[in-house]
Structures are given as C-alpha cells and as structure tokens.
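Okay, so here's the structure we're looking at.
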Amino acid sequence: MTTVSAEYVVEKAQQRRKLPPALIAGGAVLGVIVGLAIFAPLVTSYNPTTQDLTNILAGPSAAHWLGTDQLGRDVWSRLVYGARTDLFVAFIAVLSPFVIGTLAGVFAGYFGSALDATVMRLADVVVAFPFYVLVMLLVFLLGPGTGSIIIAITVVSWVSYARIVRGATLVAKNQEYVLATKAEGFSTSRIVLRHIVPNVVSQAIVFATSDIVLDILAIVTLGYLGLGIPPPTPDWGEMMASGQQFLTTHWELSTIPGIAVVLTGLGLSLLGDGLAELLSVER
Amino acid sequence: MLARYVARRLLLLVPVVFGVTLLLFFSIHLVPGDPARSFLGDRATPSAVAALNKAWGLDHPIPVQYWLFLDRLVHGNLGQSLFYQSSTAGLLVGRLPVTLLLLVYGAVGSVIISVPLATLAALHPGGAADHSVRVVGTVGIGMPSFWVGTCLIILFGLVVPVFPVGGYGETWPSHLWSLVLPGLTIAISVSPMLVRSLRTSLIEALGSDYVAFARAKGASPSVVLTRYGLRNAAVAAVSVLGVNIGFLVGSTVVIENVFALPGLGSLMVQSILDRDFPVVQGITLVFAVLVVLVYLLTDLAYAVLDPRVRLT
C-alpha cells in the first residue's frame, strides 16, 4: 500500500508540473502581441500620428511594411500603437467590473436578504438592456473618451461577475471550512475576504479571460462606429472604419486590424481554456 | 399550475420595468452640466434652452419629473427629436420593421449554422470533428461582427457580386434580398456562442437515460439523433437564442451601420453623433422592451414545453 501511494504522489506531482497546452499556446500568442505593444517604439520606425500627405495609400514596401493609410501614416505603427491603446483600455475595462462584481457577488451571496435582493434586482435591470445599446447610451451621455468607455463597460459587465461569484459563495458559505471559521469566532470581514473570496475568485478569473475578449470587441466596435477613443489616437476600430471607404482599392486597410483583433481574441480564449483546466473550473 | 407560473413570472417583471424606466429617466441627469444646453449646443439662445427645459419637464422637482416622464411613456410620447424636428415615436415606428426583419434573419441563420455544427461536435465528443468545430468557434468568438461584414462585402461585392452590399432597396423583394448579407453576418457572429451552448446540451441529451433506453430497444443511430438529440437541440437552440437576445440585438445595431440599413441601430448611432437625446433614449427603451419581452416569451415557452420548470 505504501508503494502505491508513493507512485501516486509522484504521478500527481508530474501532472501538476505539466501546464495545459492551451495555456502555453495562448500565452505565447498573447505574449507576442503584448510584447509588441509594450515595446512599440522599438519595433516601429514611424510615429503613428505623423501624416505624410505626399505618400498616401502606398502599398507595402521595405520602408512601410504594411503600407500607409489615407493620410500617409504608417499602418504597421498604427497597428502596434493601436494594440497599446486597445489592450490597455480593455485591461482596465475588465479589471474594474471584475473587482466590483466579485465584491458585490460575494457580499450578496454571504449576507443574503435585502442586500442580495437589491444587488440581484439591479442586475436584472442591467441585463434588460442589450450590452452594446447600454454601453453606447452611457458613452453618449458621459461624452467620448477612454474614461467614458471604461465606466460604460463597468456599469454593464459587473453583473456577470456578481452572478457567478454569488452562486459560488452560496455553495461555499455552507462548507465545513467556513463553518469552522465561524465557530472559531473570526470576524465577518476576515471570513469573507480571507476564506471565501480566495475560493470563489477562480471562477471569476476564468470568466474574465472570455469577458476581456468581449471588451476588446466592444472597444473596437465603438471605435468603428465613431463613438470610441477620439482620433488621432490609433485604435483598431477607427482604422477599420476609415479603411472602409477604400474597400475597392485597398481592402487590406480595413481587414488587417481585424486580423489583429482575431489573433488577440484567439490568444485570450486559449489562455482562458488553459486557465480553466489549471484551476479546474467548468466553462 | 401554469397560470400560477405565468402570474409569478409577470410579477417578477415589475421591478425590472420600474428599474428600466428609472434608469432611462435618470440618464439625462448623467450628462455633465446643463442637459438642455449641452444638447442644443453653445450657440443656443437662452430662450431656446428654457423652452427645452420646459418641454422635458426639467423645471420641476425630480419626483415630479419622473412622474411626468412615466405619464408621457404610457401615452406613447417619446418627445420631439431635436434633429428631425418630428415626433420620436413616429420616427422609431418607421425604422422598427427593418431591425425586426434583420433580427429574424440573424436568428434563423444562426440556427441553420449552429445546429449541424453542434450536432457534428456532440456525436463524438473529443473526436476530430469536435476539435475542428471548437477551433473554428474559438477563432470565431474573437471576430468583430462589423469586420465579418466587411470581409463579406469584399467577398461578395468585389469577388463574386451576387448579393447587394449595402442599402435596403425600394420594393419588398429587394428588401428581403438586401438583408441576406447583413443577416449572414449576424448569424456568423452569433454562431460560435450558440454552438458552444448547444454542444453541451446535446451531449447531455445523448447521454441521458431515455436515449440509452431507446438504443437498448434497438433504435438506429439516425433515429436516436433526429428524434431525441436534434429535437432537444432545437428546443435548446431557441432558449439559448432567447437568453442571448441582447447579444443578437447588439450585433444588429452594429451591422445596420456596416450595410447602411435604415433601421433603429443606424438611427441610434447617427442620433448619438447628432446629439439627439430623445431619439437615443427612445431607441434604448424600445430595445429594452424587446429584450424583456423575449426573456418573458422564452421562459413561458419553456414552461409549456417542460412542465418541471413550473415547479421551481
């Protein structure tokens, strides 16, 4: 019996060391994109907003790898700096609903009664609006800009985190380890923050990896519709919108930024799948 | 039993409707500064601003304002459009059919795409087909819907010019024909999510006791699939679509702009750019009503189809 358990322990340890392949693949794809965004000044040779009206709509060349746009700006530079803009906004736009939603969900689930009812009715009201419609309304009311986009996305998407975490909290609060902390006489804040949150947060983390894909899509869509980050700041959505009028002659202008979005989404989705496997969370 | 379920479900609607009207009412107060001045622009005369404040009831205390707002809503009065100088409600009624028709195209198209793919994946979970469907879905979920539309415009507008790539046409046949590409775009954007949920419910259905029993009684694989698997998948598809109606509406709003369709979505974006508050507020209300109605119908349809739901 002792020999069996020793082998079992070794096998378990080996399993643990092996990361899910999806995590590695997703991490690699995303690593390249984030790396390019961070080191943007090193991998581009042009300022993304500098216009060169003598050299507009030029095709790919040694000087301009992906050509230039209708104002003679280098497309590769705008793509890389666009990654900087969009990934940064998406990161903040996923972090703030993650924190707010997780806290709302854990407190609603733990305390129940009136707090729970209020939070859940509020969530019902938010999901009565289509995601894009409510985000567009809020951006309209708050005025264009990065701050408005982040606030708008936060107002809408905290709901998913709250619902997921609330469900997990309802299960967790009757588990023995939580009952034990109560018997020990720990303070409520300590029980919630030190014992429940660490156990329910993994589901929220896994959800965040698919939610950030939706946020990136929302950000580029707002940019495409002319409601996003104000120009001349490079943004993938705005690039695709301004390329659309040259679709018949320069179709690459509006398709290349889309490929960047798809690759980013793919990297994040793979990362999410791998993370779900690692944390053993059902997606 | 069903009547009680319906009554309870309708009762649950009350706080939602209250919350939706409250949010729409307060939306004007989210605008930084004086709302009327903000929407009329800096060059508006003080008398014009005062007139708008009076028309919108902004010169009353907040509770009275909310009451006036509700009173206008129940009379179908969504105010005057600032840009078109006409009734907002009339404007929206004219645009609604395009959006509803496009929603139907998108919903039907996504079912046509998703059901076969999900079935293929669910027949042998973990098999080659399952993996291929999953890879396609993972790539598809990250595609911006307007980008899919742009790619279809390039493909069908420039390479194989079969379908119109923009506009709505003048006659009914041309309306129906011009919505093919936009509808396909929406279907492609919604399908990855639909396939994912459908695959899960199909695997569950095919692994259930009654399917095992049918197999034991000698039902052929095709009978098991069509009679037990697909029927469940179709019901599941409708409910997944119902739950995700907000997502479907969102893609419709965006896609109308890609294909220059005269629906509510393109009007909303144009009105945001024109700073036409009553129109933006009115369209938001229409979409919220649509979503709430679809949620309700989905729940009721489910209660009719599956009596167990009524017990919970």
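Source: prediction; values computed, not measured. All chains are named by letter (A, B, ...) in the order of the sequence lines, taking the proteins before the strands, and each is independently numbered beginning at 1.
Looking at A/Met240, the atoms closer than 4.5 Å to chain B (heavy atoms on both sides) all sit in the side chain, from C-beta outward. Heavy atoms of B/Tyr295 lying under 4.5 Å from chain A belong exclusively to its side chain. For B/Leu23, the part lying near chain A is the side chain, with the backbone staying farther off; criterion is any non-hydrogen pair under 4.5 Å. For a residue to count as touching a neighbouring chain, one of its non-hydrogen atoms must lie under 4.5 Å from one of that chain's; by this rule A/Leu263 does not touch chain B. Neither the backbone nor the side chain of A/Val135 comes within less than 4.5 Å of any heavy atom of chain B. Heavy atoms closer than 4.5 Å to chain A are found nowhere in B/Ile245, neither backbone nor side chain.
The CG atom of A/Asp273 sits 6.0 Å away from the OG1 atom of B/Thr138 when rounded to the nearest 0.5 Å.
Inspection of non-hydrogen atoms places A/Val213, A/Leu214, A/Leu217, A/Val220, A/Thr221, A/Tyr224 of residues 212-224 of chain A under 4.5 Å from chain B. Contacts between residues 25-36 of chain A and chain B, counted as heavy-atom pairs separated by less than 4.5 Å, involve no residue at all. Among the residues in residues 139-157 of chain A, those with a non-hydrogen atom closer than 4.5 angstrom to a non-hydrogen atom of chain B are A/Phe140, A/Leu141, A/Leu142. Among the residues in residues 10-18 of chain B, those with a non-hydrogen atom closer than 4.5 angstrom to a non-hydrogen atom of chain A are B/Pro15, B/Val16.
Put simply, of B/Phe146, B/Phe39, B/Phe287, B/Phe247, the one with the most heavy-atom pairs under 4.5 Å next to chain A is B/Phe146. Of the listed residues (A/Thr255, A/Val126, A/Asp124), the one with the most heavy-atom contacts under 4.5 Å to chain B is A/Thr255. For the set B/Val289, B/Leu30, B/Ile154, the count of heavy-atom pairs under 4.5 angstrom toward chain A peaks at B/Ile154. Interface remark: of the candidates B/Val139, B/Val254, B/Val20, B/Val20 forms the most heavy-atom pairs closer than 4.5 Å to chain A. No other option in B/Val292, B/Leu22, B/Val31 has as many heavy-atom pairs under 4.5 Å with chain A as B/Val31. Contact tally against chain A (heavy-atom pairs below 4.5 Å) for B/Val135, B/Asn257, B/Thr150: the top residue is B/Thr150.
More than 12 heavy atoms of other residues, nucleotides or ligands lie within 6.0 Å of CH2 in B/Trp56, so this atom counts as buried by the packing criterion. With a 6.0 Å radius and a threshold of 12 heavy atoms from other residues, nucleotides or ligands, B/Tyr84 has its OH atom above the threshold. By the neighbour-count criterion of 12 heavy atoms within 6.0 Å, atom CZ of B/Arg9 is densely surrounded, having more than that number from other residues, nucleotides or ligands.
Shown here for B/Met268 and A/Leu137, the closest heavy-atom pair between the two residues is CE-N, 4.2 Å. A/Val261 and B/Gly142 make their closest contact through CG1-O, 3.6 Å (heavy atoms, listed as atom of the first residue, atom of the second, distance). Nearest heavy atoms, A/Pro130 versus B/Gly250: CB-N, 4.4 Å. The shortest non-hydrogen separation linking B/Trp147 to A/Ser254 is CD1-O, 3.5 Å. Closest approach of B/Pro144 to A/Val262, counting heavy atoms only: CD-CG2, 4.4 Å. Residues B/Ile141 and A/Ser269 share a closest heavy-atom pair of CG2-OG, 3.8 Å.
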Apply side chain to side chain contact (heavy atoms under 4.5 Å, CB included) to A/Met136 and B/Val280, showing your working.
CA-CA 9 Å; A/Met136 281 162 60; B/Val280 177; over 6 Å; no
